[in-house]
There are 2 protein chains.
Amino acid sequence: MSGPNGARIRNPRPASRRRLPVDKGDRYGCAMARDIQERIKKLIIDQRLPSGSVLPTEPELMERLGVSRNSVREALKALQAMGIVEIRHGFGTYVGPMSMAPMIEGLTFRTVAGHYRGEDSLLQLLELREAVETGLIARLAGSLPAADLAELDALVDRMDAEAAGPGGEVRAETDRAFHATLYRCLGNQLLGEVLEAFWDAFHKVRTDLVDVPQDPRVTCRQHREILDAVRSSDVVRAERAIREHFGNIRTRLNAPVTAAVPRPTYDR
Amino acid sequence: MSGPNGARIRNPRPASRRRLPVDKGDRYGCAMARDIQERIKKLIIDQRLPSGSVLPTEPELMERLGVSRNSVREALKALQAMGIVEIRHGFGTYVGPMSMAPMIEGLTFRTVAGHYRGEDSLLQLLELREAVETGLIARLAGSLPAADLAELDALVDRMDAEAAGPGGEVRAETDRAFHATLYRCLGNQLLGEVLEAFWDAFHKVRTDLVDVPQDPRVTCRQHREILDAVRSSDVVRAERAIREHFGNIRTRLNAPVTAAVPRPTYDR
DNA sequence: AAGAGTCAGCTGCTCTAACCAACTGAGCTA
DNA sequence: TAGCTCAGTTGGTTAGAGCAGCTGACTCTT
């Protein structure tokens with residue numbers, strides 16, 4: 001039943017299956033499964049359940065919703081994939097953290113798939129990050145608390161140390177922390193999580209797919225410049241610094257991406 | 001087994017269940033289900049399957065992955081929730097559109113839940129939109145093709161007509177189209193989809209939860225101002241126009257949000 | 001009596017088997 | 001020829017059984 005590369009071959013009705021699915025606006029599956037998901041979501045909303053609350057057990061949901069165990073489980077699996085519930089074997093089902101973790105996963109997959117198909121999906125993701133951070137930096141300039149400035153100073157210092165250290169590279173975690181700390185003072189949790197999600201997805205794909213050469217000293221200098229610009233309340237300079245930083249990543253990205261031969265394996 | 005409000009009461013072991021789940025880094029469920037999902041994803045990536053491609057049928061996946069139909073279906077349900085596959089009753093399973101639709105859903109739920117819990121989640125979502133659009137507008141000023149400018153002109157004209165028309169309100173679809181068309185020329189599909197996702201989630205929550213009063217003439221004037229600023233290549237003016245537009249939405253949002261008594265029903 | 005091991009009873013996880021529902025295509029009927 | 005039915009495909013749903021992770025209380029040992 002399987003072709004040479006595991007490709008699917010269906011003898012009795014090969015042509016008809018080539019039909020592309022017609023969009024009937026009926027995404028997300030059939031009525032019942034969708035309905036169960038909605039009812040569980042409604043349960044969470046209506047009872048104002050916070051993250052971590054206990055949800056009914058599978059047998060209880062079966063009885064309450066009047067469906068079989070299997071349907072309940074499929075609905076819960078879908079909700080789990082969206083981060084709405086969290087399932088723990090032997091414990092029970094809980095209201096999920098509602099984090100952006102599922103988005104990271106979806107975005108990562110989409111970017112990897114697009115990359116392998118020859119699209120510039122990684123570049124698009126970078127542009128997205130650039131857009132958000134550029135739009136935020138103006139609000140930041142001059143209004144960063146002293147404590148955050150000190151923390152950012154320490155992070156850039158650490159970058160310097162890492163660049164001069166044995167590895168000769170700035171650790172990814174340090175870069176991530178810098179960008180996260182920079183926008184923390186805005187007091188917008190969603191913003192922070194989305195930015196981290198974009199960063200995570202970008203970083204995952206970049207390290208997995210393309211081997212980007214980087215000059216760690218340039219990285220350090222650019223982060224320092226961003227920090228100094230923000231400290232001195234210079235909006236224009238801050239925006240320019242951010243753009244330069246991303247421009248740097250972009251140029252480093254462009255060369256290898258076009259030349260790179262996608263590796264045949266994907267093991268995420 | 002159920003309390004007065006449908007709250008769960010478990011007689012034999014009530015105290016132990018109050019334990020919050022310990023984070024073992026094992027999100028997304030047990031090993032096997034997770035593994036099946038990964039293998040299906042690997043199949044899509046390795047064979048470079050584009051959106052709409054036929055995936056193996058459930059029996060074929062059972063055999064190939066060596067698991068039961070139930071497990072296959074649960075994995076597919078989770079992947080469907082992430083937009084990675086699309087399941088069509090009676091047809092088969094296909095590679096999904098990889099759109100941002102699941103993100104809209106997750107974001108909407110998160111925002112609704114946060115709103116009901118008294119957080120300013122809707123405002124956070126608006127700030128996110130503002131950040132992205134502000135960061136993009138500079139790249140746009142002066143580089144918009146004439147065709148897009150004409151289309152935007154027509155959209156603002158339509159807004160005027162709708163504002164003066166019977167309803168006296170600018171239709172949501174027109175606003176959506178304006179923002180979508182504005183950033184289309186950047187040639188970044190991801191960017192466009194993310195912006196639309198944010199718009200959709202914001203709009204869904206706003207119309208469902210808070211009844212925002214709006215002066216349609218102000219809305220029209222602000223969109224016209226954005227368009228004119230972009231047309232005249234005036235970056236500073238364009239940024240100011242965007243900020244004013246979002247500032248307008250924000251102020252209209254702030255008053256009712258704090259005063260609003262959340263309705264007890266959630267029916268999405 | 002204190003400690004350790006076992007066991008019953010929760011929880012979710014997986015499998016098997018059967019049937020239902022949506023859809024297609026070929027062959028039959030009028 | 002036009003329309004229908006029917007077999008065979010696909011996913012959707014139900015049912016029942018047993019497995020696996022976890023807790024608390026009971027029991028046996030020391």
Side-chain angles (χ1 to χ4, degrees), chain A residues 1 8-24 26-37 40 53-63 65-80 85-94 96, chain B residues 1 8-24 26-37 40 53-63 65-81 85-96:
Chain A
M1 265 301 190
R8 175 162 159 219
I9 298 174
R10 207 176 267 132
N11 290 18
R13 193 161 28 109
S16 75
R17 284 289 307 216
R18 297 223 165 277
R19 261 189 64 166
L20 288 187
V22 188
D23 190 344
K24 295 195 301 182
D26 195 28
R27 297 186 194 287
Y28 297 120
C30 52
M32 165 142 282
R34 185 97 186 116
D35 186 51
I36 300 175
Q37 288 180 42
I40 297 175
S53 304
V54 177
L55 283 174
T57 65
E58 290 179 358
E60 279 172 359
L61 281 174
M62 281 173 61
E63 191 181 355
L65 305 178
V67 294
S68 78
R69 182 115 185 246
N70 237 325
S71 302
V72 167
R73 283 186 53 77
E74 286 182 10
L76 286 177
K77 278 284 174 191
L79 291 176
Q80 182 187 39
V85 307
E86 190 172 339
I87 308 175
R88 302 193 66 84
H89 189 178
F91 276 83
T93 309
Y94 302 82
Chain B
M1 263 304 192
R8 174 158 160 225
I9 296 176
R10 207 174 268 131
N11 291 17
R13 192 163 28 110
S16 74
R17 284 292 305 217
R18 297 223 165 278
R19 261 190 64 167
L20 289 185
V22 188
D23 191 344
K24 296 195 299 181
D26 195 26
R27 296 186 195 288
Y28 296 120
C30 51
M32 166 140 277
R34 185 96 186 116
D35 186 50
I36 299 175
Q37 288 180 42
I40 297 175
S53 304
V54 177
L55 282 175
T57 65
E58 291 179 357
E60 279 171 359
L61 282 174
M62 281 174 60
E63 191 182 354
L65 305 179
V67 294
S68 77
R69 175 134 182 248
N70 234 323
S71 303
V72 167
R73 284 184 54 77
E74 286 182 10
L76 286 177
K77 278 283 173 188
L79 291 176
Q80 183 187 36
V85 308
E86 190 172 340
I87 307 174
R88 301 194 66 84
H89 189 176
F91 275 82
T93 309
Y94 302 82
V95 177

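Hydrogens, waters and symmetry mates play no part in the numbers below; they use all other heavy atoms, side chains included.
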N/O-N/O pairs, protein side and nucleotides 15-17 of chain C side, under 3.5 Å:
from, atom 1, to, atom 2, distance (Å)
C/dC15, OP2, B/S68, N, 3.1
C/dC15, OP2, B/S68, OG, 3.0
C/dC15, OP2, B/S71, OG, 2.5
C/dC15, N4, B/N70, ND2, 3.0
C/dT16, O4, B/N70, ND2, 3.2

Rounded to the nearest angstrom, tell me the gap between atom OH in B/Y94 and atom P in C/dA22. 17 Å
Which nucleotide in the list D/dT13, C/dG12, C/dT24 gets nearest to the side chain of A/P59? C/dG12
Rounded distance [0.5 Å steps], CD1 in A/I87 versus CZ in A/R73: 6.5 Å
Whole-Å distance separating the CG atom of B/D35 from the P atom of C/dT14: 10 Å
How large an angle, rounded to 10°, do the end axes of the helix from C/dA1-D/dT30 to C/dA30-D/dT1 enclose when each is built from five base pairs? 20°
Any B/T93 side-chain nitrogen or oxygen under 4.0 Å from OP1 or OP2 of D/dT10: no
Kindly indicate, with the supporting measurements, whether the criterion side-chain contact (heavy atoms from CB on, under 4.5 Å) is fulfilled by B/V85 and B/Y94. CA-CA 6 Å; B/V85 308; B/Y94 302 82; over 6 Å; no
D/dG12, C/dT14, D/dG21: which one has an atom nearest the side-chain heavy atoms of A/H89? D/dG21
Between C/dC13 atom P and A/L61 atom CG, what is the distance in whole Å? 13 Å
Can you see which heavy atom on A/S71 is nearest to which on A/I36, and at what distance? CB-CD1, 3.6 Å
Once you round it to whole Å, what is the distance between P of C/dT11 and CD of A/E63? 12 Å
How long is the line joining CD of A/E74 and C1' of C/dC13, in whole Å? 14 Å
When you get a sec, tell me which of D/dT13, C/dT11, C/dT14 is the closest nucleotide to the side chain of A/T57? C/dT11
In whole angstroms, how far is the P atom of D/dG12 from the NZ atom of A/K77? 17 Å
Shortest side-chain distance from A/F91, nucleotide among C/dT24, D/dT23, C/dC13: D/dT23
For A/L76 and A/I40, which heavy atoms make the closest approach, and how far apart are they? CD2-CD1, 3.9 Å
If you compare all heavy atoms of B/A33 against all heavy atoms of B/A75, which two are closest, and at what distance to 0.1 Å? O-CB, 4.3 Å
Closest heavy-atom pair, B/M32 versus B/V67, reported as atoms and distance to 0.1 Å, is CE-CG1, 3.8 Å
Of all heavy-atom pairs between B/M62 and B/S68, which one has the smallest distance, and what is that distance? CG-C, 3.8 Å
Write down the distance between CZ (A/R73) and P (D/dT13), rounded to a whole number of angstrom. 15 Å
Stepwise, does the side-chain contact (heavy atoms from CB on, under 4.5 Å) test hold for A/L61 with A/R69? CA-CA 8 Å; A/L61 281 174; A/R69 182 115 185 246; over 6 Å; no
Without decimals, in angstroms, what is the distance between B/E58 CD and D/dT9 P? 15 Å
Please walk me through it: do B/K77 and B/E74 pass side-chain contact (heavy atoms from CB on, under 4.5 Å)? CA-CA 5 Å; B/K77 278 283 173 188; B/E74 286 182 10; 5.5 Å; no
